[in-house]
Amino acid sequence: MKKVILGKTGLEISRLGFGGIPIQRIDAAGTRKLFEAMREKGINYVDTARGYTVSESYIGEAMEGMRQDFVVATKSMARTYEAMKADIETSLKNLRTDYIDLYQVHNPNMAQLEQVVGEDGALKALLEAKEAGKIGHIGLTAHLVPVAMAALEYDWVETLMFPYNIVETQGEEILELCKAKNVGFIDMKPLAGGAIEDARAAMRFVAKDPRVTVIIPGMAELSELDINIAAVEDESEYSEAEVAKEAEIRNMLGNQFCRRCNYCAPCTVGINISGVFLFAGYLQRYGLGDWAKSRYATLDKKADDCIGCGVCETRCPYQLPIREMLKKAAEDFAK
């Protein structure tokens, strides 16, 4: 597996990484088999998060006896000093290690980003942990362009995780800025949260872009690992047939796919529309029903709170039938 340098962290990692969301639906033994196969095939970058229920624990158990073979990244949605300090200790315990290579601020909005960097914010705990040798580097994850662009103004941001795939290309400016600032670009959702069924096409599209440092598809099966390795290692010229396949995928998903640009906001009744669709994707495509429902339950306003005013649809640049999509999400979460 080809190795690359993760931006200004200096970490040498595999171009293909491991996304730790889907292992929530298997078990620790299955995760161990995946890690043994990854070590054999030269995949060393591992991504997980405090919010992925058992993911950190499964990965910690899977790495027993071979921790040195992996570069481990996790993340926390803590925004305050005390909460982040506690989460770092929990991650260390779960991962069965005394050192985490990369710890990331997980998906803040603009107000939360200000809280993170403010007095007694989460950044203080991260910097202390870095000074103490408990973490090596600090990064940030985002779903929204304004948050990502704001984060890149901070020198402490060594890596940025952002969605980029065939149907989500709103991060072009982010890719360019990461390249200019030598910030490692970690590509999440290369298969658009499972919406793109042709994994090879999806991975080839992302892998051909040299601005993407590492690609982290979620994997829970050895077959998925083999498909992704083959696509990333394929260095043949991108063909006309693959360009046509891109267009086919865009045409199929383009009118029914939320890109989380948030132009639809604010909702008249306060629904976090892109958040609803994000969790609905986990429910409908990842097969993570319980987890998706628990995340959905944290939303102040649910899909069935929609009053059908349609204002959001007038703002959507992709002309999505948002009211119908919210109705579908409400029905799915009620099952």
Side-chain angles (χ1 to χ4, degrees), residues 11 13-14 16-41 43-79 82-107 122 125-126 129-130 132-139 141 159 161 186 188-189 193-194 214 216-222 224-225 228 279 282-283 286-298:
L11 295 168
I13 62 171
S14 50
L16 175 65
F18 173 83
I21 290 180
I23 58 170
Q24 295 173 92
R25 67 171 185 255
I26 55 172
D27 55 25
T31 305
R32 175 73 182 192
K33 290 180 181 178
L34 279 170
F35 273 67
E36 289 172 346
M38 287 194 297
R39 181 174 65 167
E40 179 183 340
K41 297 173 186 296
I43 296 172
N44 72 342
Y45 186 82
V46 176
D47 174 81
T48 182
R50 288 292 309 113
Y52 299 168
T53 63
V54 296
S55 181
E56 281 186 340
S57 297
Y58 282 0
I59 288 170
E61 186 172 343
M63 291 192 302
E64 283 287 340
M66 51 183 179
R67 167 68 181 89
Q68 70 280 359
D69 296 317
F70 295 99
V71 172
V72 180
T74 191
K75 45 196 176 289
S76 164
M77 298 188 76
R79 309 305 184 211
E82 291 294 343
M84 181 61 81
K85 185 176 180 179
D87 269 0
I88 292 169
E89 294 301 323
T90 301
S91 292
L92 289 165
K93 180 180 178 181
N94 287 343
L95 291 164
R96 304 188 185 191
T97 185
D98 59 1
Y99 176 81
I100 295 169
D101 299 277
L102 174 65
Y103 212 102
Q104 300 154 104
V105 177
H106 192 177
N107 195 29
L126 289 166
K130 186 175 182 180
K134 294 180 179 181
I135 63 174
H137 304 279
I138 303 171
T141 80
T159 65
M161 183 189 295
I186 302 166
M188 65 164 140
K189 304 191 187 305
V214 59
I216 55 166
M219 293 181 277
E221 305 288 341
L222 291 173
E224 296 170 335
L225 181 62
N228 291 330
F279 299 148
Y282 288 130
L283 178 72
Y286 267 101
L288 294 170
D290 290 343
W291 184 67
K293 287 179 179 179
S294 70
R295 298 292 296 276
Y296 178 71
T298 66

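Residue numbers run from 1 in the order of the sequence given.
- By the 4.0 Å N-to-carboxylate-O rule, Glu36 lies close enough to Arg32 to be salt-bridged with it.
- Under the 3.5 Å distance criterion, with hydrogens and angles disregarded, a donor-acceptor pair is assigned to the side chains of Ser91 and Glu56.
- Side chain of Ser55 to main chain of Gly20: a donor-acceptor pair is present (N/O by atom type, distance under 3.5 Å, no hydrogens or angles).
- Side-chain atoms of Met161 and Asp47, non-hydrogen and from C-beta on, do get closer than 4.5 Å to each other.
- Partners of Glu224 under the side-chain hydrogen bond (donor to acceptor under 3.5 Å, both in side chains) rule, at least two apart in sequence or in another chain, do not exist in this structure.
- Remark: the backbone N or O of Ser14 is paired with a side-chain donor or acceptor of Asn44 at under 3.5 angstrom.
- Taking the six-membered ring for Trp and the full ring otherwise, Phe35 and Phe18 have centroids separated by under 6.0 Å.
- Distance check: Lys33 NZ to Leu222 CG gives 8.0 Å after rounding to the nearest 0.5 Å.
- Between the side chain of Lys75 and the backbone N or O of Tyr103, no donor-acceptor pair lies under 3.5 Å.
- Formation of a donor-acceptor pair under 3.5 Å by the Asp101 side chain with backbone atoms of Val72 is found in this model.
- Of all heavy-atom pairs between Asp87 and Ala78, the closest is OD2-CB, 3.8 Å.
- Side chain of Glu64 to main chain of Glu61: no donor-acceptor pair is present (N/O by atom type, distance under 3.5 Å, no hydrogens or angles).
- Side-chain contact between Leu34 and Ile26 is present, with heavy atoms from C-beta onward closer than 4.5 Å.
- Looking at Val105 and Thr141, their side chains never come closer than 4.5 Å, going by heavy atoms from C-beta outward.
- In this structure, Met219 and Pro22 approach most closely via the heavy-atom pair N-CG, 3.6 Å.
- Judged by distance alone, with hydrogens and angles left aside, the side-chain atoms of Arg67 form a donor-acceptor pair with the main-chain N or O of Tyr99 at under 3.5 Å.
- Side-chain contact check for Leu11 versus His137: some heavy-atom pair is nearer than 4.5 Å.
- The backbone N or O of Thr74 sits less than 3.5 Å from a side-chain atom of Gln104, completing a donor-acceptor pair.
- Taking every heavy atom of both residues into account, Gly139 and Leu102 meet most closely at N-CD1, 3.7 Å.
- Nearest approach of Tyr282 to Ala292, heavy atoms of both residues: CB-CB, 3.9 Å.
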